[in-house]
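As the structure lists them, so they are numbered: ligands from 1, and atoms in each ligand from 1.
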Amino acid sequence: MAVGVFDSGLGGLTVHQAIAARLPDVPLVYLGDNAHAPYGVRTADDIYDLTCAGVERLWQEGCDLVILACNTASAAALRRMQETWLPQDKRVLGVFVPMIEALTERRWGDNSPPREVKVKHVALFATPATVASRAFQRELAFRAVGVDVEAQPCAGVVDAIEQGDEILAEALVTSHVEALRRRMPSPEAAILGCTHYPFVQDVFSRALGADVEVYSQAGLVADSLADYLERRPEFIGAGRVSKYLTTGDPRRVSGKATQFLRSPITFESA
Ligand code: DGL
């Protein structure tokens, strides 16, 4: 039994960590497509092809259920995968919906019509491809009315994190927050819509100030996976071994992962 966790690179490790803490008995196979990161500057077709290839690789590890721990893949590829590509006996779940359900105070499966919610001004920080897809606004509109969303495409941040350049990542985050504030001076909530961003969450929080509630996905996705597996235990899959795979250079990727998570992680070649 194993569940797959996929990301373009290191960011999905933030979700992987939360899942491992929430479901310690479920083996997890992580795949980072570091050879092709960042996805956020690629076309939707390119993201779709790379994501399908990554998910197929995880099937080979006995993972019938794969979490796309990547907003860019969830935004640009997931719907097309589910509608045109995914076999009946496999599942791929994204990271968007659990966060939007939290923001709109809904429980899983609550399909009632959109309604007024507490937050009215939301700042979204995400990759250029995620922002361009407008997937966040589309999913939000199914559940809430009257929410003003201002999205900031955070060019360069994923690249800086993948390179292990924490100083550049911090400088870019600060300038992206300033840019957003010029268009929306007082957001009530900020969504970190990229799984790489929790690595620099304190920089976002500092730049946004104490009045802004920062939503990050890892814990929300882990809770929603636990809920899903309780209802559909057959999707835990046939694999039994936990491992970390990368399409990049395993030594380099292990070093960067260890740097960001501040605990040793060893990647194998995918
Ligand atoms: N962690 C991915 C996300 O959540 C980063 C995408 C990228 O590689 O640009 O969007």
ILVMFWY clustering at 4.5 Å (side-chain atoms), partners of Leu58: Phe6, Val29, Leu31, Tyr39, Ile47, Tyr48, Leu50, Val55, Trp59, Val66, Leu68, Leu78, Met81, Trp85, Leu86, Val92, Leu245
Intermediate values then yes/no, ring pair (Phe, Tyr, Trp, His ring centres under 6.0 Å), Phe204 and Tyr197: CA-CA 8 Å; Phe204 274 103; Tyr197 298 169; 5.4 Å; yes
Side-chain H-bond candidate by donor/acceptor type, Asp45 with Thr43, under 3.5 Å: no
Any donor-acceptor N/O pair, Thr246 side chain to Ser269 backbone, under 3.5 Å: no
Report all N/O contacts between ligand 1 and the protein shorter than 3.5 Å as a table of atom names and distances to 0.1 Å; if there are none, say 'none'.
from     : atom 1 : to     : atom 2 : distance (Å)
ligand 1 : 1 (N)  : Asp7   : OD1    : 3.0
ligand 1 : 1 (N)  : Thr195 : OG1    : 2.8
ligand 1 : 1 (N)  : His196 : ND1    : 2.7
ligand 1 : 4 (O)  : Asn71  : N      : 2.8
ligand 1 : 4 (O)  : Asn71  : ND2    : 3.2
ligand 1 : 4 (O)  : Thr195 : N      : 2.8
ligand 1 : 4 (O)  : Thr195 : OG1    : 3.3
ligand 1 : 8 (O)  : Ser8   : OG     : 2.6
ligand 1 : 8 (O)  : Tyr39  : N      : 2.7
ligand 1 : 9 (O)  : Tyr39  : N      : 3.2
ligand 1 : 9 (O)  : Gly40  : N      : 2.7
ligand 1 : 10 (O) : Asn71  : N      : 3.4
ligand 1 : 10 (O) : Thr72  : N      : 3.1
ligand 1 : 10 (O) : Thr72  : OG1    : 2.6

Note, Leu168 side chain near Gln163 side chain (heavy atom, < 4.5 Å): no
Arg115 bridged to Asp110 by N-O distance under 4.0 Å: yes
